[in-house]
Amino acid sequence: MTEVAPGARSASARLWRALLAPRDLAALVAFRVALGLLVTVSAVRFLAYGWVDVLFTGPRFHFTYWGFGWVPALPAPWMHAVFAALAVLGLCMAAGLFYRVAVALLFVTFTYVQLVDVSNYLNHYYLVSLLLGLMLFVPAHRGFSVDAWRTPALRSDWLPAWCTWLLRFQVGVVYVFAGLAKLTSDWLVHAQPLNIWLSARTSLPVVGPLLAERWVAYAAAWSGFLFDTFIVAFLLTRRLRPFAYVVVIGFHAATSALFPIGMFPVIMVTGALVFFEPSWPRRLVQGLRTRFARVAAAAEPPAEPASTLAPGAPGWKARAALGLAVAYAVVQVAVPLRTHLYGGNVLWHEQGMRFSWRVMAREKNGSVTFIVRDPASDREWHVTPTQYLTRLQEREMSVQPDLILQLARHIARDFEARGKGRVQVHVDALVSLNGRPAERLVDPDVDLAQEVDGLAPKRWIRPAPDTPPIRLHSPLRGATAERL
């Protein structure tokens with residue numbers, strides 16, 4: 001029987017003390033309320049602005065994620081009901097009402113909405129799904145909740161420290177990988193695509209003329225790279241945290257004012273709250289109550305007994321939970337890095353692009369024509385995507401090879417269903433990356449009707465252009481920031 005060295009036992013004990021140390025639950029309660037309200041507001045916006053019909057019930061064809069082709073798009077009344085349910089469940093989460101059930105249903109329902117159509121993918125909604133999944137394991141309903149009011153035995157002022165660190169890790173991954181994604185010559189050397197986007201915003205009052213200056217694009221590019229890459233380190237530093245959070249608010253307010261990026265700034269400003277001390281809401285409330293008076297010592301949370309700070313022998317459940325947390329962390333780091341297995345320029349071939357936090361990393365525009373050929377009769381048809389897609393779907397499809405493949409295979413099935421027999425589907429796809437002259441994205445000689453989607457490299461994607469981005473000497477009208 002192998003003995004465990006005393007040093008190993010000591011390190012293990014220190015680890016468990018750090019993970020299980022009690023921390024004020026006030027901060028995670030505030031995060032619970034904010035995240036629940038964000039989901040509610042987002043769902044109400046989708047219903048109020050008619051986006052449910054535009055994005056989910058209006059399209060005749062839906063792009064599916066690899067492995068999730070079985071996820072159905074519900075008819076209009078049911079899809080409206082789904083968003084109404086999201087709004088109600090978000091309120092339940094914020095209030096801590098039936099918390100476990102509400103968060104579980106919220107996670108499943110919100111994730112379902114994201115799986116209905118790939119062309120609707122947004123980084124910040126993917127982040128919300130992940131945060132909801134994590135909050136299912138964080139008992140943030142033990143205080144300041146309807147559940148705690150209804151069940152006094154549930155009440156507690158404390159949560160183990162791992163709850164906070166798990167959420168910090170998730171938000172930190174987003175920022176760090178978003179920064180590393182900008183470590184490219186396009187972004188840092190050529191200030192693209194920011195030069196394109198800013199040049200299209202010169203009509204803004206006051207700052208508009210300044211946005212046409214190329215040095216502004218360089219300043220914005222380097223500021224964005226430095227902010228995303230290092231803001232987590234500053235948020236983790238106690239003395240610098242308040243100043244860093246002011247920078248977070250300013251940065252996201254500026255991006256929201258300049259670019260149409262929806263709820264992303266609000267979600268990130270809310271997410272950054274997890275880096276503050278666990279008792280910050282209590283301190284804030286106490287400070288508002290006493291204004292500028294000295295906070296009484298009684299306002300501080302009481303010290304937890306030492307026996308709960310250092311459990312001697314964590315059970316198998318605690319160890320299994322730690323193992324799951326470590327596995328989750330590994331996956332969250334590995335998924336953004338998977339694109340390096342494909343080689344080449346991910347901004348061009350898009351393999352490993354989704355779920356990698358490459359936020360605002362590229363500007364792509366494309367034009368795609370599908371050429372359908374009947375080998376038996378030598379007949380040929382030129383098919384435009386508008387026959388199958390909405391304008392938004394066409395814009396997303398035209399620059400993403402896997403979506404081009406999906407539509408090509410759908411067109412082949414459609415022609416076969418109309419009695420045309422088995423046909424070949426070739427693609428003429430011209431794509432411009434970060435302002436470069438348009439080049440072919442897909443090998444036009446490949447019959448995409450015979451290709452199958454999967455994790456393997458797509459050999460029918462042509463190499464990325466090796467020319468540098470263009471320099472803009474005048475404002476480019478009509479360009480907008482990419483969808484996040």
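Being a predicted model, the structure only gives us computed values, none of them experimental.
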Can I get a per-line list of side-chain donor-acceptor pairs under 3.5 Å for residues 31-42, giving both atom names and the distance, sequence neighbours left out?
unit_1: R32; atom_1: NE; unit_2: M93; atom_2: O; d: 3.1
unit_1: R32; atom_1: NE; unit_2: A94; atom_2: O; d: 3.4
unit_1: R32; atom_1: NH1; unit_2: A140; atom_2: O; d: 2.7
unit_1: R32; atom_1: NH1; unit_2: G143; atom_2: O; d: 3.4
unit_1: R32; atom_1: NH2; unit_2: A94; atom_2: O; d: 3.0
unit_1: R32; atom_1: NH2; unit_2: F144; atom_2: O; d: 2.8
unit_1: T40; atom_1: OG1; unit_2: G36; atom_2: O; d: 3.2
unit_1: T40; atom_1: OG1; unit_2: A87; atom_2: O; d: 2.9
unit_1: T40; atom_1: OG1; unit_2: L91; atom_2: N; d: 3.2
unit_1: S42; atom_1: OG; unit_2: Y125; atom_2: OH; d: 3.2

Inset, instruction - May I ask you to check whether S119 and D117 show a side-chain donor-acceptor distance below 3.5 Å? - result: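 Short answer, yes.
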
Legend entry - Distance-only polar pair, side chains of Y388 and Q393, donor-acceptor under 3.5 Å: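 Not at all, the side chains of Y388 and Q393 share no donor-acceptor pair under 3.5 Å.
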
Looking at [Y] and [X], is any side-chain nitrogen of the basic one under 4.0 Å from a carboxylate oxygen of the acidic one?
X    : Y    : result
E350 : R362 : yes
K458 : E451 : no
D447 : R422 : no

How are the rings of [X] and [Y] set to each other: parallel, tilted or perpendicular (split at 30° and 60°)?
X    : Y    : result
Y175 : F227 : perpendicular
F225 : W222 : perpendicular
F264 : H252 : perpendicular

Legend entry - Nearest-0.5 Å distance, CE of residue M353 to CG of residue N345: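 So the CE of M353 and the CG of N345 are separated by 9.5 Å.
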
Legend entry - Derivation of the side chain to side chain donor-acceptor pair (under 3.5 Å) call for Y328 and Q170: CA-CA 10 Å; Y328 177 85; Q170 184 60 76; 2.4 Å; yes

Inset, instruction - Return yes when atom CZ of R418 has more than 12 non-hydrogen atoms of other residues, nucleotides or ligands closer than 6.0 Å, and no otherwise. - result: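 Yes.
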
Legend entry - salt bridge (Lys or Arg N to Asp or Glu O under 4.0 Å) partner of E277, the single match among R239, R283, R241: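 In the set R239, R283, R241, the residue that makes a salt bridge (Lys or Arg N to Asp or Glu O under 4.0 Å) with E277 is R241.
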
Legend entry - Residues forming a salt bridge (charged side-chain N to carboxylate O under 4.0 Å, His left out) with D443, sequence neighbours excluded: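 For D443, no residue satisfies salt bridge (charged side-chain N to carboxylate O under 4.0 Å, His left out) once neighbours in sequence are set aside.
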
Inset, instruction - Flag this pair as yes if the NZ/CZ of R168 is under 6.0 angstrom from the six-membered ring centre of W165 and inside a 45 degree cone about the axis; otherwise no. - result: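 Satisfied, under 6.0 Å and within 45°.
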
Inset, instruction - Can you spot which of Q351, H349, R354 makes a side-chain hydrogen bond (donor to acceptor under 3.5 Å, both in side chains) with D402? - result: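 Only one option passes, and that is R354.
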
Legend entry - Pair F83 + W51: ring centers closer than 6.0 Å: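 Between W51 and F83, which both carry aromatic rings, the centre distance is not below 6.0 Å.
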
